[in-house]
Structure formats: structure tokens, C-alpha cells
Amino acid sequence: NPTWLRPTKHLLDFRVCQTRQRSQGCKIACTVIRHRWMKRAPVFCTHNTTNKMISTQADKENIDMSKFPVERIRNFSIIAHIDHGKSTLADRLLELTGAIATTDKNKQVLDKLQVERERGITVKAQTASLFYKYQGQTYLLNLIDTPGHVDFSYEVSRSISACQGVLLIVDANQGIQAQTVANFYLAFEAQLTIIPVINKIDLKNADPERVEKQIEKVFDIPTEECIRISAKLGTNVEQVLQEVVKRLPPPTFKKEDPFKALVFDSNFDHYRGVVANIALFGGYLSKGDRIISAYLGKSYEVNELGLLRPDEHPTDRLYAGQVGYVIAGMKEVKEAQIGDTLYHQKHLVEAFPGFKPAKAMVFAGMYPMDQSDYSALRSAVEKLTLNDSSVTVQRDSSLALGAGWRLGFLGLLHMEVFNQRLEQEYNASVIVTAPTVPYKAILSSAKLIKEHGKEEITIVNPAQFPDRSVVKEYLEPMVMGTIITPDDYIGKIMSICLNRRAVQKNMVYIDDHRVMMKYLFPLNEIVVDFYDLLKSMSSGYASFDYEDAGYQAAHVIKMDILLNGKPVEELTTIVHKDRAYSAGKAMCERLQDAIPRQMFEIAVQAAIGSKVIARETIKAYKKNVLAKCYGGDITRKMKLLKKQAEGKKKMRYVGTVQVPKDAFINVLKRKDK
Amino acid sequence: RCSYCNNKCSYCNFNKYIPRSDNQDVMLECLQRETETLLKLSQVSRITSVFFGGGTPSLARPSTIAAVLQTVTRHAGLSEEAEVTLEVNPTPVGSSKLEDFLHAGVNRFSIGVQVRLRVLGRDHNSQHALQTVAEARRLCPGRVSVDVMFGRPGQSVASWELELDELLSVCDDHVSLYQLTLERGTQLFRQVQKGQLSVPSDDITAVMYDSARRILQKRGYLQYEVSNFARNGAISQHNMSYWKASQYLGVGPGAHGRFVPRGEGDVCREARTQTLEPDVWLREVQQRSHGTRRRIPLTHLGLLEEVLVMGLRLIDGITHQHWQLFSPRADLYQILSSSSEVQDLQQTGLLILDDRGLRCSWQGLALLDSMLPTLLLLLEAYITQGLDNNSDSLQL
């Protein structure tokens, strides 16, 4: 039975429940700035009493940001496979530098969303500016937290581009995982300095030596460069801060240049509008400046700017090499697209190259469980997309499911997270259809090309699938998948990959018995149940990640589902020719179970064009009449019939076949386990 | 109509009233009293049939039956030809009393017979059943009805056909054909749920029903309703009145009635239910002369719905004249004939709408419950849209 992938379930079974121990011998002197968040904090304790004094003074002071020239600035990110301890390390760094109080409650402070804390993942990147005193000098360390999954790799890459270095965290027990590799390459390609950090050395099964060897083998980083820590216990975390200062290069930007900043994240605040997180690549920015966003060309006045510690701390200015936030009367997140460039009205600069709007890789229909909830759900979807501009929203309607939307997501985890936020934060109950991927078609018909204004079109909704006769070729989206697994499972994994039309590109041993395999997959083959299958056949040991690998020509076809010869519009799907039979068969079987018997026989068929490829039959009722009905039975009988008549009003008719709406829901929605 | 039973059958979820000797007099008094009250309330002038049923009224004393009939005669006319049926369970005790019931005024017997009944927990065997049928036929020739049941656990189509054939050789002129239904809360339901017993599947019972209809027809029993068959015109007048949506009074614990309480000045027909628990019912009748627990006025639409649902159970269906009695303005053609669904049903030969009226075909009758929702929706749409303009309709 196809089950649809719920990656996070497996990736994220780690729950944060560490008991905190104060790290002994805390000798750091740090400048602490008291801010809103800390006023709320019940306990503020540190071993160093002078810290407290500084903090009270600093609270009233405005920080003069010009005191931090680029030489004393380090911008870095932490990247890791899920659950390798990124957020816990971030907590420790914040505590060590006094940005937050040391309490047991600091569990993944930067993970603000409920879903992030629950699942132990980071969805939305957060940023914190830390003040760290090293060898008599106070440094400004900007920790730019990144989303923890390559679904968000676009965001990761934007965050990374604001940095000069990264901490690459690897679990001392699990070693390098698929996502470690993906994240490493993002940093490596951005030519950042990489500091490998081996976390969780306190675990019983920790084997830091093996992991160091893996890092050397896979990433070509000498073993001696690895820092062994336990973020949970605070072991060697101080050393991490020191190495950040020592090893990472300072930014090379000049405050004398014209102002130029990269938007690497944005949030929406109901009262103040968009809060954009920016990294200054040149010049400086002051309150009251008029700035322009390169993408939309719109002009804004800076109302407020400052540091994120991790809460907002207003300052008068920000200088080249620094990182902070800006509020400038932007009304929608779309006005502060991640990757966009901001510049001074008077000094036009060249925009950053990497800018591109987020690209949806996975689509799913989303409908309210009850149509009367439509407007409530619409408002919830709108609110969520205000904070997540990478979700594309298209109104859609289905005869079976009513009015709803076709939403596009960066990937499966992104979709899962979005749905969960919708349910948890907005208490919305939704029907989510099985995910689909966007296909492309190169048109051959001159008429159609003229109509579309281009030769290549993207097909999101199967209803718009152009006929073979007007198409030169169809393209399907591909991904490069990385699988890391103990070698015991190689055979099984290779066979499922083969079944999924994947092509092996590479296979290397990363240590004595772990293998890293690269496969080129059609995205469609992994959107439903691939991850579950991989996990279950490897007893949970294999990890999987993927990155966009463009489009490839494919023999895809449109498959219709027919009830007594009449097509059911909402069940039309695009499938690969080789998968049509099994997909059609599965769909027919699910429908056969979901449609009740009727007075006539119902043929449930899957068809490619006029050719039927699979069929199930729902046999006709031969008898449906109450055996006896006398005086005492009438009331009950009438009640039952009236109920059936009411139910009939809610039926969808395909020809003369009555289909209960939940039958479509059962067929269309992704399968829960 | 009142309920008596001295045993609980495993398939029965009826209201059970196990009589004790010490309250028979109270029971009689209350039955008479409620009969009187309801007759007055309805202001009916003539009673055409009486049915003593529900459980095993043959456990009552013949004198009780006689007294109730006297009450009816006293407060409304009870015609000479009136059909007076008594439901009988084929026990040795029951058959010995039949003659006394005959003298009490009963002129028709309805007997629940089953052979090979061990699994159903009934307290009589086929021998007693056959004796009871024979005795009833001797007393009321041509006026004995026998119940036969199919779809029992372990039954096959072949064994059913054999059984029916055997039964028909002893039957009189009327047969009621029932399918065993699993009712929640019965012992049989639990046994089937637990997998201790299995009943034939829907497809099998459909074949059983079909073969029974054919066998009965071959033996001269004409089907006149979904589950009723008669030879020599011996149809049940009393049950006919349910399917023709006539008025009827329900007397006794849990009894149902449908009539216009003209005694209260009403013109609207009501669906009435008497209190179910016998002890409570007795008390209520003693206190206020009736045990009516629920009164639901039937709307014009509600009444037409019952006329439609009940009438289509008859082989002759609903004639235009009959429909017109209840719906003088909106005829069946107006309500149904423009619907494509009805046209489909007609084309597939399941439903017939012609100059005679509306009725099911032979196959259609077996699928009636699948067709009714469609017809009810059309009726509702027609009436609620005011297409019949029938505010002053005649309500019976």
C-alpha cells in the first residue's frame, strides 16, 4: 500500500529533554545587554558579578555600533543534519555570551515556532548578535541560524551568503548523514571557512574518532581541525567561540562604500509590518534613511533598525559587516524577498546575483473539511503565507472537495510543516491531497506557443496537461538524492531505487561499513512513500536527502479514472508510462472500496487516452428492500429514508454513479499510517 | 395491538412483556380503557380490522380478546366482515386455545412458523408448528397466514428452497416472507459479531428472496407486497391499511397509531406512540386513560412521503386515484416525470409510471429502498417549492 512520506516523523523523533548543568569555570567576561526578553526572564544568574553591572549600564545605553569595525566582527552559521544538536549549541552560545540567561528553560531559544520546538527542527532562520570578549577585545559574533533542512536550502544558501564561516555539526554517534553532506556542499561552494564540530561526545555510543575520519574522507578536512563538544553539557563550547574568532575571517566590507545590504530573512509583525533581517555588505544604514529594494524597485523610509539579540534591540546605525534588522514600512513579506538587495536611494548599487524567487517543488491541494470553514481557512492560509513567502498559493476548486487551493512547497518537509502549523496554530482542519510535482512540456504547436507566449510551459494541474500531439517533449523534475546507510542494506536500497526509476551516480564508503550513494531520482518517485520505505527497510539507519537537479525528458502521460465510462475530473493524474499500470490499479482498488454498491454495476477504470489499463467492478445490489414494514415500523423507516435522501444531496454524480464525497477524500488524500 | 411473550427469541428486539397471572385483569382493564379513549378521540365510526399482535398475544386469555372486541363494538361500529387477526406462536398450549380465541371473535390467525429453529432459541419445534397450522386451518379455513424466514445462520440457497417447498405444502392461503435481520442488542447480533455464527451474505439472501418469490408464484401465491403473498385473494386487509396509508389506532405498550384526533378539534393526522414499558403504560392508563407518549403532527409533505414509501411496497403500487386522495393538486406525473433519474429508472425497467399509477417492476420491488431517496427528494422539492399550490389540501 502506498503510504505518503512523512519525513519529519522519522527524522525528528529526538525530543529535547536535557538537564542542564552549569559549565564549570566559566571565565568569560561578556558584555550583556538587557532587553525585553530578559526582563521577562524569571532568573538571571551568572557567575560573574561584574557582568550584572555591565548589563544594567548597557541597558540604558545605546550601543555605538561604530565601535565594532569589521576586524572585530565574525558572521557565521551553524549547519547540521536534523537532531545533531544545532539548536542546543546555539542555546549554549547565547548563554555563554550572556545573550540569554542560563536556565533550564533555554531549550532551542531560536526555534520560535511551536512546530520547531515540538519536532526539534528549525524551520525559520533566526539570528542573534553575541558580544564576546577574547584576549581583551570585545567581538561582535553574529550567529545566523539556518533552517535545518534542504527543503529550505534556498534559505540556507541565503543565510550562508551573509556569513564568512560555518560550524558544521556532526553527531558523534550517528556520524555524517545525508543532510550533513548537502549542507557541507552549500557552505563549501560558497567558499566559507568550515569548522567541523563533533557534538554529543557525552553519549555512551559516541565514537568521535570514527566521525573525524569520516569528515576527513568525505569533506577532506584534517581530523585535528574537529572540535569535540557536548552542547548538552556545555563541554568545550567555550572553545567553539574562541575558534570562531581565531579561524573565521572577518568580513571584508567597507563602511566607506555606498550602503548595500542583503535581505537574508524576513518576518511579519502585525503591528509593524515586515521585519527584514539584513547583512550589510557596504556602507552604513541610519534611522530615517530612504532605501530601495532592488527586486521591486520600491522606496522605503527606515523607521527602526538594530541588532537581534536574539530579540530586537534598536540602535542608531548599522555598519558594513554587521547583521541586524530593519523595519521600513514594508507591508508584505513579498516586499522583502529573501536574497533581495537594499540600497540607498542616492547610491544605486549592483544587486546581488543569486536572487531568485523561491521555486515550488511539490504541490498539493488543500481544502477545508467543511466548505463552511472556507473563509476561516483562507484567512489562516493568508496569515501563514505572510510569514512564509516561499509557499505559492493558487485558488483551485474540485467538484468533489469544493473550493480550496493548490499550494506549492519547497519540498516535502516544508509542506508537512506548513500543514502542521495550519492545524496547530490556526486550529484548521483540512483535507490535503496526495502531493504532485510540476511537469513541463515543450510545445510543438505554433498556435499554443503563441497562446502561452513561450515554448516551455509548466503543468501544475493535470487538467491542463497538453496532448501529446501538440508537445515536442514532456519534462519531469529530477532531484539528486544522497543516501547514507550501513552497508548491510545496500542491496535492498539499490533495488528500491531501481524500482523508482533512479539512476546511480556515485557510491563511496565513508568509513568501514557506511556507504554514501548518490542517485538521480525523478522527484515524483520520492514524493509519496520513498522515505518511509527507505527507513523501514534499513531499520531506521539510512538517511536520505535530496537537492534540485533540474528537469529531464520523460515519457509521462495523463491517466484518467472513469466511472462507467465517464471521466472523474478530480482524479486525473500525470504518471510516468512505466508506472501507469500500478498507479491506475491502486487508484481503482481504493475507489472500489470507497464507493457503495448501487442499483447497477459500476466499472471503475483507469485509462490512458481511450485505452483502459486497469479495471475493478463494483457489483450491483440485487436486493435492497426492508423485509417487513407495518404500522410500528413506519416511523423508523421514514427517518432512515429521509436521512438517506439528505445524504444523496451531498453526493457527487459521475454520470449516474453516486459517489459520496468522502470516497474521493479517501482516494485523494494522502494516506495516514 | 399489544405485546405478550413468554420467552425471548435470540433475534427479537421487540418490546417484551412476560405476563404474570396476577396482572391479567389489570391489563385487560387498561386495554379496554385505552381503546375507548382513543376511539373517542379519533371519532371513527367504523372499524374494519383488528390485529392482536406484537410478541405472542395468544398468551393472553381469550376472554381478554373478547372484552377488547366488545369495547370496540360499543364505541365504534365493528362490521360483520371485519378482519380480526391474532398472532400465534406455534406452541402446544397456543394451539389448544385457538378454538377459544375463535369464539372470542378472532377470525384470522397469523402464525410464526419455523422448522430447524434450534439455533434461534425458540421454544417450539417443527412438530408443534405443523400442528398449530393444521388446527388454525381447521378453525379458519383460508384465513391463516404463515410466516417464513430466510437468511438464517448456516442456511444455503438449496436448503432454503427445500425448506420453503416443505412449508408450502402445509400452508394455508397467506404467506409472509421475511428475511432475518440482525438487530443490535440481540443475542444473535452478538454471536455474529463474535464470529460464532455467520449469516448468508447480501448476495446470497438476494438469491434466496428471488427464488422464494418464484417458488411462491409457482405454487399459486401471488405477491401483493414486498413480503406478502396470497392465494385465492386471501390478502390481509389489516396490513393493507398500513400500505394504503389509512388511519389506525395503536393500543397497548409500545403500539403505534396514525389518525386525526378529531375529538380535540384537530384536522391534522398525527403519528402517535404509546409508552413502551408495560408497567409505566399500565400506570399511565390508570391515571389518564391513555398511555400516549409521543404525538407528532404529520405535515402535508410528511403524509405524502408516507403514502409514497408505503404504497410502493405494494405490487400494484400507487394508483393515480389513491394519490389524489392525499394530493388533489399535484399528480404523480407533475412531481416525477420530468426527472432524468426517474426516466433512467423507467428505462432500466425498475419503475413504472403509467396511466394506472406509479409502481415497481418485479426486479424493481427488490430494489425499492434504493429508489425511494430519489423519489422522496423529488416530492420534497415539488411540495416545498409550492409547485402544488396546495395550501387547502385535504388531509386524511
Side-chain angles (χ1 to χ4, degrees), chain A residues 399 562-568 591-604 616-663, chain B residues 1 14 51 53-54 149 151 176-181 202-203 205-210 225-228 238-239 241-243 248 250 254-258 271 273 294 296 302 305-306 309-310 313 340-341 344-345 348 350 360 363-377 380:
Chain A
L399 288 166
L562 313 174
L563 292 180
N564 279 354
K566 293 252 170 32
V568 188
L591 267 179
Q592 187 195 21
D593 291 342
I595 299 176
R597 294 172 73 169
Q598 292 172 31
M599 280 183 286
F600 40 82
E601 187 173 284
I602 304 167
V604 184
E616 296 293 332
T617 304
I618 301 169
K619 285 202 282 178
Y621 263 137
K622 286 190 189 143
K623 179 167 86 70
N624 179 27
V625 63
L626 186 72
K628 58 178 172 177
C629 195
Y630 301 112
D633 308 310
I634 298 176
T635 304
R636 188 157 73 147
K637 180 65 184 165
M638 289 308 298
K639 219 168 159 177
L640 191 74
L641 284 168
K642 294 289 281 178
K643 211 173 119 188
Q644 286 170 358
E646 280 309 303
K648 209 174 127 68
K649 284 184 189 166
K650 293 182 189 130
M651 296 276 187
R652 155 107 159 85
Y653 281 82
V654 177
T656 52
V657 181
Q658 285 176 27
V659 187
K661 285 202 175 148
D662 53 354
Chain B
R1 228 190 121 90
F14 271 13
F51 195 96
M149 197 189 277
S176 294
L177 173 70
Y178 300 134
Q179 181 182 338
L180 176 70
T181 47
D202 288 351
D203 284 347
T205 55
V207 175
M208 288 176 171
Y209 181 66
D210 192 58
E225 194 259 358
V226 171
S227 49
N228 285 279
H238 185 85
N239 288 339
S241 64
Y242 295 132
W243 303 316
Y248 53 93
H256 290 252
R258 267 167 175 70
T273 313
R294 206 172 52 155
I296 299 169
E305 284 172 343
E306 291 194 0
V309 166
M310 299 306 284
R313 294 181 64 85
S340 63
E341 280 185 85
D344 277 348
L345 292 173
T348 47
L350 297 174
C360 296
Q363 308 146 272
L365 197 64
L367 293 166
L368 176 60
D369 289 359
S370 294
M371 294 192 276
L372 285 173
T374 304
L375 303 176
L376 286 172
L377 285 179
E380 186 192 4

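So you know, we letter chains A, B, ... as the sequences are listed, proteins then strands, and number each from 1.
- Proximity to chain A is limited to the side chain of Asn228(B), based on heavy atoms less than 4.5 angstrom apart.
- Although no hydrogens or angles enter the test, the distance criterion places a donor-acceptor pair under 3.5 Å between the side chain of Gln598(A) and the main chain of Gln658(A).
- Options Met638(A), Lys619(A), Gln644(A) differ in how many heavy-atom pairs under 4.5 Å they form with chain B, and the most are formed by Met638(A).
- Counting heavy-atom pairs closer than 4.5 Å to chain A, the top residue among Thr348(B), Thr273(B), Asn239(B), Leu372(B) is Asn239(B).
- Heavy atoms only, all atoms of each residue included: Arg313(B) and Leu365(B) are closest at O-CD1, 3.8 Å.
- With a 4.5 Å cut-off on non-hydrogen atoms, Thr374(B) touches chain A through its backbone and its side chain both.
- The closest side-chain donor-acceptor pair between Thr205(B) and Lys623(A), if any, does not fall under 3.5 angstrom.
- Heavy-atom contacts from other residues, nucleotides or ligands closer than 6.0 Å to CG of Asn624(A) number more than 12.
- For chain B, the nearby parts of Thr635(A) are the backbone and the side chain; heavy atoms of each come within less than 4.5 Å.
- Below 30°, between 30° and 60°, or above 60°: for Trp243(B) and Tyr630(A) the angle between ring planes is between 30° and 60°, a tilted geometry.
- If you measure heavy-atom distances from Lys643(A) to chain B, you find no contacts under 4.5 Å at all.
- Contacts between Leu368(B) and chain A at a heavy-atom distance below 4.5 Å involve backbone atoms as well as side-chain atoms.
- Contact of Gln363(B) with chain A is not made at all, since no heavy-atom distance falls under 4.5 Å.
- In this structure, Gln592(A) contributes its side chain and Thr617(A) its backbone to a donor-acceptor pair below 3.5 Å.
- Looking at heavy atoms from C-beta onward, Asp210(B) lies out of side-chain contact with Lys622(A) at the 4.5 angstrom threshold.
- With chain A as the partner, the residue from Ser176(B), Gly151(B), Ser227(B) showing the most heavy-atom pairs under 4.5 Å is Ser227(B).
- Between chain A and the residues Gly257(B), Ser340(B), Ser370(B), the largest count of heavy-atom pairs under 4.5 Å involves Ser370(B).
- Two residues are said to be in side-chain contact when any heavy atoms from C-beta on lie closer than 4.5 Å; Phe600(A) and Leu350(B) fail this criterion.
- For Ile296(B), no part sits under 4.5 Å from any heavy atom of chain A, backbone or side chain.
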